[in-house]
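Notes to accompany the following structure.
Residue numbering restarts at 1 for every chain, and letters A, B, ... go by the order of the sequence lines.
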There are 4 protein chains.
Amino acid sequence: MSAPAAPPSPSRRGRPVDPEARAARTRQILDGARRCFLRKGFHASSTAEISAEAGVSVANLYQYFPTKDDLVLALVEDDLRSDLELIALVARAPTLREGLQAASHAMYADAGFADLSRLRLDVLTEASRTPAVTAAVRAAEEKMVAAIAALLERAHANGEIDSRIAPRAAAALILSLTDGLGCRFAFHAPGVEALSDASTLFILRALGARIN
Amino acid sequence: MSAPAAPPSPSRRGRPVDPEARAARTRQILDGARRCFLRKGFHASSTAEISAEAGVSVANLYQYFPTKDDLVLALVEDDLRSDLELIALVARAPTLREGLQAASHAMYADAGFADLSRLRLDVLTEASRTPAVTAAVRAAEEKMVAAIAALLERAHANGEIDSRIAPRAAAALILSLTDGLGCRFAFHAPGVEALSDASTLFILRALGARIN
Amino acid sequence: MSAPAAPPSPSRRGRPVDPEARAARTRQILDGARRCFLRKGFHASSTAEISAEAGVSVANLYQYFPTKDDLVLALVEDDLRSDLELIALVARAPTLREGLQAASHAMYADAGFADLSRLRLDVLTEASRTPAVTAAVRAAEEKMVAAIAALLERAHANGEIDSRIAPRAAAALILSLTDGLGCRFAFHAPGVEALSDASTLFILRALGARIN
Amino acid sequence: MSAPAAPPSPSRRGRPVDPEARAARTRQILDGARRCFLRKGFHASSTAEISAEAGVSVANLYQYFPTKDDLVLALVEDDLRSDLELIALVARAPTLREGLQAASHAMYADAGFADLSRLRLDVLTEASRTPAVTAAVRAAEEKMVAAIAALLERAHANGEIDSRIAPRAAAALILSLTDGLGCRFAFHAPGVEALSDASTLFILRALGARIN
DNA sequence: GATGAATGAGTGTTCATTCAT
DNA sequence: CATGAATGAACACTCATTCAT
């Protein structure tokens, strides 16, 4: 049987997809969205403003993110990535204490930390009502908790801390403290800048680390 | 300074204002607003829904609160009042430890705590962009910090805690931790219920209390 | 017991409703909508155009008609009213034949009949997919059928027609013929004007009326 | 004149066009469009949905039909073809009466007749505003009228009917009745199923056929 | 004081269509 | 030819707020 000349695979017809261009556009849009959300917040940023800021047409934005909420979802994953990097920074330090201090400085010394906190507030608020965002934030939280808990277990094995609190609980509490501090940065609570060092100490003492 | 628009000076002619009736209406509207915000959040609650929930006409609402944001302002002051009562509860306990545990149970055992946290998130988000709300939240924060710091100083005088952290800083950190936990309640972080007890312990150890 | 002075009935507080003004506005909007739909059709008429044509703001339109479809619903009822008047005209004629001829002339001689038919087509198309409109059109149809069937029964009693077709079926068929003719007016079928007289004859013969 | 854009003249250089492949694609797209229009109507069917249903890219669709309206045009001609076949069926019957009854059963017994009528309504509505569609529908109407008129003339010659109505007028009225019945199927008029038989009788009596 | 009526300025999202590969 | 990418122009509907009674 002579096989009829098959077309060169039907999925190869037409214009091929360029994954790099797609990724670049995605990033471009996401950066625009982030700038808008930082500046005006989630609800105050219209899709028109976002796409203008990103240098894209509104309709094009919708081809990459079918919903305004999907922008938030993507930002959550973005931020998770950089947050995990911060934890990796802590892990690379010789002691937990030094690691925490380094991370603390990296975070709170950042001039844009108040902005980031505002964005985090927007995300959390959205997460508190929109199921899709809830799920994304929960998943991110889970990974953060796991990463920090691993750190604490290592420190415990090293005899660095004497935590009678379970590692995962401690991790969640550290994250809580960080978020709470972020809230205070977000509304410029009086004297909030002084808290960054105090918070590291607070955490270490709570973990039973030897301080002096 | 913030909430209900002051009625015209009573020395004027015309129908004399009835301050009690005015206060009652204010309460009525505020309660409706709170229910709406709890249920749907700040941005998703229209003034129409709020006034319907309160059993008032929209125009009437505007005679008591000239702006939607003014509702938030008033709620902030409401909540400050009940939060200060919670601190008074701690103060009445024989030891700081027992006080904190009582407060913790009072807060987290409340079935509606997740809702309250969502509302708090809404308020903080609004505070992060709207100057008037920023001011109100900052003022409330100031009072909360002062009240808790006083508690800590007393506990220190009693030898109950050995805090090397300044009382005001410690107070701010305790509040931060509470807000951060609220965030986790708001998006139903996995295992968040287990954190309520752990958080009290966390705080006490950070303060250098003897846990036994 | 001295009854406390009751307020003058709570429903009487505030600005009283003016039913006439409301009815006038409703008419004003409906007329604007009709003109728009006649000119451009239902889907091509935006709510902005409709309200502009009616001399009302868009938001105001939505206070009277909560949905664009509700405009259609109201138009259906409007048209039902005038259609029933046309049937009443037939009923007032001495014989069915004269009545039908009068009605036929009144309809088809109207210069705007093609426009009306276009509108009718829009309504029917909408009725074919939108449940609310379906229901309205069906209800109107039911009333039209009943009215015409009554006419036919009277004519039968008078010995004017010898219909072996049940009155309601005959009524529905007459309406069908009318709608079908309307379609042809709508797209200006070649020679459609000549059909108006022929259709009356067609109907009368189908009903078994003595013609010559 | 209407449907698929003519391929570039075959005498040109470059890849030679394959008329069969082109015709197949045209069919494929048209079938998808028909299914979409049947299911959701003309305005509610986006070109994206249509091309997805047809299994083609949107851009490809536009290479065969330069406008969404052109799809309607092509469908009109498709339907004309099958309608003429139905008339041929009538012509093959020994008597007009039997032919009409056969056709009537073929039409109304079809379970999808309501859907077809909805589609017809869409087409007529579009024809009432879009010149190109107007022309197509008028041309189709002309052919239908001619075909039916021929039938009636033959029946008249056979002494089967005694129509004092001109054949073309009678033909147009028969088509009108059919369209009007279709409208009623489209919105599921109460009791519409019973009308199919009654309509044949109605027509025959109007044409002066002896019913016995 | 309290209400019904009114509105300008948006809101997120969709669509028919074109262009580049 | 066939496809993916891009877009301008709309669209139905909403909202916080003001005005008149």
Side-chain angles (χ1 to χ4, degrees), chain A residues 7 10-18 21-22 25 43-51 56-69, chain B residues 7-8 14-18 21-22 25 43-51 56-69 71, chain C residues 7 10-18 21-22 25 43-51 56-69, chain D residues 7-8 14-18 21-22 25 43-51 56-69 71:
Chain A
S11 59
R12 288 275 176 220
R13 290 308 207 97
R15 178 176 175 175
V17 290
D18 178 346
R22 270 206 90 81
R25 259 280 139 110
H43 274 106
S45 301
S46 68
T47 53
E49 286 171 320
I50 294 169
S51 44
V56 190
S57 74
V58 181
N60 196 206
L61 182 154
Y62 271 86
Q63 279 187 337
Y64 286 80
F65 297 94
T67 285
K68 202 185 165 192
D69 277 322
Chain B
R15 165 133 52 115
V17 285
D18 175 348
R22 210 178 154 80
R25 266 271 142 121
H43 275 104
S45 300
S46 66
T47 53
E49 284 171 320
I50 294 169
S51 44
V56 194
S57 74
V58 184
N60 197 209
L61 182 153
Y62 271 84
Q63 281 182 330
Y64 287 80
F65 297 92
T67 284
K68 204 186 163 191
D69 277 322
L71 290 167
Chain C
S11 59
R12 286 277 176 222
R13 290 306 206 99
R15 179 174 174 177
V17 290
D18 177 348
R22 271 207 88 81
R25 262 276 140 113
H43 275 106
S45 301
S46 68
T47 52
E49 286 171 321
I50 294 169
S51 46
V56 191
S57 74
V58 180
N60 197 206
L61 182 153
Y62 271 86
Q63 279 188 336
Y64 286 79
F65 296 94
T67 284
K68 203 185 165 192
D69 277 321
Chain D
R15 165 131 55 112
V17 286
D18 175 349
R22 211 181 154 79
R25 266 268 142 122
H43 274 104
S45 300
S46 66
T47 53
E49 285 172 320
I50 294 169
S51 44
V56 195
S57 73
V58 183
N60 197 210
L61 183 153
Y62 271 84
Q63 281 181 332
Y64 287 80
F65 296 93
T67 285
K68 203 184 164 191
D69 277 322
L71 290 168

Worksheet item: What does nucleotides 7-12 of chain E look like as a protein-contact string, B for base, S for sugar-phosphate only, - for none, at under 4.0 angstrom between heavy atoms?
Response: BB--SB
Heavy-atom closest contact ([X] atom, [Y] atom, distance):
{"X": "Ser51(D)", "Y": "Ala48(D)", "result": "OG-O, 3.1 Å"}
{"X": "Gln63(D)", "Y": "Arg22(D)", "result": "O-NH2, 3.3 Å"}
{"X": "Tyr64(A)", "Y": "Pro66(A)", "result": "O-CD, 3.9 Å"}
{"X": "Ile50(C)", "Y": "Leu61(C)", "result": "CG2-CD1, 3.8 Å"}
{"X": "Val56(D)", "Y": "Asn60(D)", "result": "CG1-OD1, 2.9 Å"}
{"X": "Thr47(D)", "Y": "Val58(D)", "result": "OG1-CG1, 4.2 Å"}

Worksheet item: For Arg13(A) and dC1(F), is the shortest distance between a side-chain N/O and OP1 or OP2 below 4.0 Å?
Response: no
Item to complete: Calculate the interatomic distance between Ile50(A) atom CD1 and dT13(E) atom P; express it in whole Å.
Response: 10 Å
Discussion item. What is the separation between atom OH on Tyr64(B) and atom C1' on dT17(F), rounded to the nearest whole Å?
Written reply: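 Result: 18 Å.
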Discussion item. Once you apply a heavy-atom cut-off of 4.0 Å, does Phe65(C) come out as touching a base, just sugar-phosphate, or nothing?
Written reply: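 If one applies the 4.0 Å heavy-atom cut-off, Phe65(C) turns out to touch nothing in the nucleic acid.
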Practice prompt. Can you tell me the pairing partner of dT7(E) across any strand shown, Watson-Crick or G-U wobble, with both distances under 3.5 angstrom?
Written response: dA16(F)
